[in-house]
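See structure below.
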Amino acid sequence: MNKILLKSKMVINQDTNLTLAHAIGISPQRLSAKINETNGAEFTLKEMDKIRKRYNLNGQEIESIFCLKVSLYDTFNNNRKEDIPAWKR
C-alpha cells in the first residue's frame with residue numbers, strides 16, 4: 001500500500017478521511033486502519049474500485065497505490081489471467 005500516493009490523491013481531490021470513508025461506505029477509523037495496514041487491514045476490491053472511480057485513476061495508478069500485480073481495471077472488466085499480457089501479471 002502506497003499511502004503517500006493515496007493521500008496525495010485525496011489532497012488533490014480535497015478529500016479527508018471522513019469524506020473518502022463516507023464515499024466508499026466505511027468508517028473513518030476503518031479507512032485509517034486500511035491506509036496504515038493496521039493489523040493486516042486491506043482494502044477490498046469493491047473499495048478499490050470506488051476509489052478508482054472517485055479519483056478517475058488509471059490502471060497504473062491503481063497498481064501503484066495498492067501494489068497490485070494485475071490492474072484493477074482488468075479485474076473489474078472480467079479479463080481472464082490468460083487474456084492479460086505477461087508484463088502486467
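Computed from a predicted model, the values in this text were never measured in an experiment.
- The environment of Ile4 atom CD1 is sparse: at most 12 non-hydrogen atoms of other residues, nucleotides or ligands sit within 6.0 angstrom.
- Note: Ser32 OG to Leu18 CG = 12.5 Å, rounded to the nearest 0.5 Å.
- Atom CZ of Arg30 is separated from atom CZ of Phe43 by 9.5 Å, given to the nearest 0.5 angstrom.
- Rounding to the nearest 0.5 angstrom, the gap separating the CD atom in Glu47 from the CZ atom in Arg54 is 13.5 Å.
- The pair Asp49-Lys46 fails the salt-bridge criterion, with no side-chain N (NZ, NE, NH1 or NH2) lying under 4.0 Å from an Asp/Glu carboxylate O.
- Using a 4.5 Å heavy-atom cutoff, the side chains of Lys34 and Thr44 are in contact.
- A salt bridge does not link Lys3 to Glu37: none of the charged side-chain nitrogens sits closer than 4.0 Å to a carboxylate oxygen.
- The structure places CG of Asp15 at 12.5 Å from NZ of Lys9, a figure rounded to the nearest 0.5 Å.
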Note to self: As a quick check of understanding, evaluate side chain to side chain donor-acceptor pair (under 3.5 Å) for Asn2 and Lys7, giving each step before the final call.
What the structure shows: CA-CA 9 Å; Asn2 185 336; Lys7 288 285 194 176; over 6 Å; no

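- We find the CG-OH distance between Leu6 and Tyr55 to be 6.5 Å, quoted to the nearest 0.5 Å.
- For Met10 against Ile35, the heavy-atom pair with the smallest separation is SD-CD1, 4.3 Å.
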Next item on the list: Begin from the C-alpha positions of Glu61 and Asn58 and carry the test side chain to side chain contact (heavy atoms under 4.5 Å, CB included) through to its verdict.
Entry: CA-CA 5 Å; Glu61 291 171 310; Asn58 63 39; 3.3 Å; yes

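- Closest non-hydrogen pair, Ala21 versus Leu31, comes out as N-CD2, 3.7 Å.
- Considering CD1 of Ile26 and CG of Leu20, their distance stands at 7.0 Å, rounded to 0.5 Å.
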